[in-house]
Amino acid sequence: MNSNVTSVKLVLLGEAAVGKSSIVLRFVSNDFSENKEPTIGAAFLTQRVNIDDHTVKFEIWDTAGQERFASLAPMYYRNAQAALVVYDVSKPQSFIKARHWVKELQERASSDIIIALAGNKVDIVEDGGERKVATEEGQKLADEEGLLFFETSAKTGQNVNEVFLAIGEKIPIKKPNEHANNANADGSNDNNRVDITSSDNNAAAVSGCNC
Amino acid sequence: MMKDGISMDQGLKRGFFTPPITNPKFDSTQSISESYKSTDQTLEVSSQTSDSSNINPDSLVTQEDVEREINCLRELPLELSKLIDLFIADLKQPKYIKPLTINQLSSIFQGFYVKFDKSCFQYLSQLNATTNSNSTTTTFLTARETLSSGLSGIFARSRSSSGSSIMRVRRSSSLFSNDSATVTPMLTPDEINKQLKNNELMNLKIEKYMEFCEREVFKRILEVGISVPTQNFDVNKHKKSHSDKETFRVTNLFRNSPEYGKYNKLLDEKFQCLLKLETQQEIDFKKFLDVPESFKDEDLPAAKEILEDLVSHTISPCEKSNLLLKLHESMIYSQNMSNDEFLSLLIYYLIRITPQNIFLTIQFIRLFRYKKKLVQNELYVLTNIEAALVFIEDLTLSDFPEDIQGKLTDNEIKILEHSISSKVDIPQLSSIYNNQNDTIHEHNLELPLANEGNNISSYDGIRSVFDASLRNIIGKFRPSSPPTANVSREYNLPPAVSKKVDDESGNSTIILKTPPPPIPFDNSWNKYKDYKFEDLKISEMREIFEIYQKIVEERAV
């Protein structure tokens, strides 16, 4: 059971008020079923995504976006397999900050970390608001640094799932036989422990042989 | 559950054989997704029913089950608690040439947790096996019986009254052949769920046992100088007044790693200083930290109680960790709270409440909570409070408005002048906080300090030699063999574990490359007999080692 669930630690980075938590809340609220997984406000959330025949379970770690907390970020992105760097398309400053985060992640986070860049609040532009960061700028940064790139709207839900699915698709799939060593995946830790195979076979054998 | 039904039916039509439910490679969701694949190949944000029956254990194990099977557990079974006795007895053996650092100690504990975890499993499986061979009420057989009809119903009944040993004989008979497919060597969906549920319950039990284990281990460490503990023995005799709440001092554990103690002391000092500034209204920390406006001073007492329980009224890392979760839950005023709010509120709480020894307490959780369980939200809240502490230790005068400096006393200026990390260096911490390319913690399960692998292996070598020699020479110091050996004997641990035991004794050649400088031998060889291991100073341990060497020499002559 569950042997093809891959747990992914995803860390959210970005200036305060660019809508990091809104994106995640939107993503998580797609789950129609009652979410029984543990959460801590919008700061720690989990969400499962089915991709082909396996399941990626995102453990989403929010970080504080205020500048004064910036030096604490390494404690959060430590061991993260994925990062979502968010900026606000109507705030150039937030894009500059996003650029810093990307650089820092590439220098200091796990070398194989998957980074996605999200220009959030595109709904503002569609409502006639002023865009300050062009799509091309975001795309250019993403191309240069090898990032996934999406412009999103947590408000309308535009591209929100797509970001996470794109990340999920880039996550190396854990092979079932590697699974036995995985201590991280929730609930799947103990899969290989319970050995009741023998009783199954006994039952089957008996029902067969009494004919 | 419905989906299982569907998948099973599909399996039947396609002639699939049901793999053993316990095969780790078997995934019941696999068959589901396969049957859907043709119709829906697109990516799908997981929703709901398709995986909930398999993935979410809650759907199988009801609250009622938990109540009946898990919550009634009050203590460890004797067989398991014996392992803890042995572990503690082993810890108390004077077999290390120098006091263990906190990290070495942590790795020993983590190793023990892993072994204990496995033993729990062995224990519960054996228990299940015993119950299953009794003809009466095994869940599996009854479930099978109620589902059976016609011929298979008769067989089921006869089966339920026969012992497992008989079944095993039958299993090897030629009747168990491929052409018996019509007799359905398959499990019904209900049976699968039943077993999944049993597995789930078993895992919950193991989890509970692990909690007991953590608690027991530290409780017994508190009990002075005895390997077979008496109950309700309290080390802190001067604090007899406590009722059901227990007093535990993590500081003792960190004694051999003085840098932790120093860091802790400086941090406590800094907290006091900040609290003073706050109460004297020199600095408005609410404003300084952007504490969410919804915070009210009335919230403080509840948080205070949790934090006090955290530092002084709980023993096990697991209890403490749960309190951190509770603290975060108490802080939630909106489901939309981001970490900006949590973190600033958390820092504010810490300043207002100034829980003593908070740094050591948090390090204690990090080092002694069973690593396998320190995941997800538990790890998140731990990281959060660690971050809050780092923020505080890093807070210096330059972070405050300039006009504040004139109002501070010399001592306050001294405390706030530099960050604590610039005064005390704890290498382990900087690796936690700034680690760049280390392996994911799940890979370090057995050896959390992979980067100190060399130390550990050499220390193992030393340990085994000490084991062997001490056992031979002063056998009375060591009435029992090491717990690991017993564990494998009693519970048939998997080969991996037994092998590890062998390795330890096998490695005994790598020893004592640098014997300590000779110290004049003191004839009072038994002068340490009333000492507790953890009370020994390095010099005393060295002396004991000298005594030991002398005894070896004498024996040799």
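To find a chain, count down the sequence lines: A is the first, B the second, and so on, and within it residues start at 1.
- Side-chain contact between F44(A) and T383(B) is absent, with no heavy atoms from C-beta onward closer than 4.5 Å.
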I'd like a table of donor-acceptor pairs (distance under 3.5 Å, sequence neighbours excluded) in which one partner is a side-chain atom from residues 11-20 of chain A, with atom names and distances.
unit_1, atom_1, unit_2, atom_2, d
K20(A), NZ, G14(A), O, 2.9
K20(A), NZ, E15(A), O, 3.4

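- Under a 3.5 Å cut-off, the side chain of D340(B) and the backbone N or O of Q66(A) do form a donor-acceptor pair.
- Taken from CD1 in I347(B) to CZ in F69(A), the straight-line distance is 4.0 Å, to the nearest 0.5 Å.
- Side-chain atoms of K57(A) and Q376(B), non-hydrogen and from C-beta on, do get closer than 4.5 Å to each other.
- Rounding to the nearest 0.5 Å gives a distance of 9.5 Å between OG of S338(B) and CG of L25(A).
- The pair R68(A)-D399(B) fails the salt-bridge criterion, with no side-chain N (NZ, NE, NH1 or NH2) lying under 4.0 Å from an Asp/Glu carboxylate O.
- In K91(A), the NZ atom is crowded: over 12 heavy atoms of neighbouring residues, nucleotides or ligands sit closer than 6.0 Å.
- L124(B) does not touch chain A: none of its heavy atoms, backbone or side chain, sits under 4.5 Å away.
- Proximity of a side-chain donor or acceptor of Y380(B) to a complementary backbone N or O of L45(A) within less than 3.5 Å is not detected.
- For the atom pair CZ of R78(A) and CG of L379(B), the computed distance is 8.5 Å after rounding to the nearest 0.5 Å.
- N339(B) places no side-chain N or O within donor-acceptor distance of the main-chain N or O of A43(A), the cut-off being under 3.5 Å.
- Here L72(A) contributes atom CG and D394(B) contributes atom CG; the two are 8.0 Å apart, rounded to the nearest 0.5 Å.
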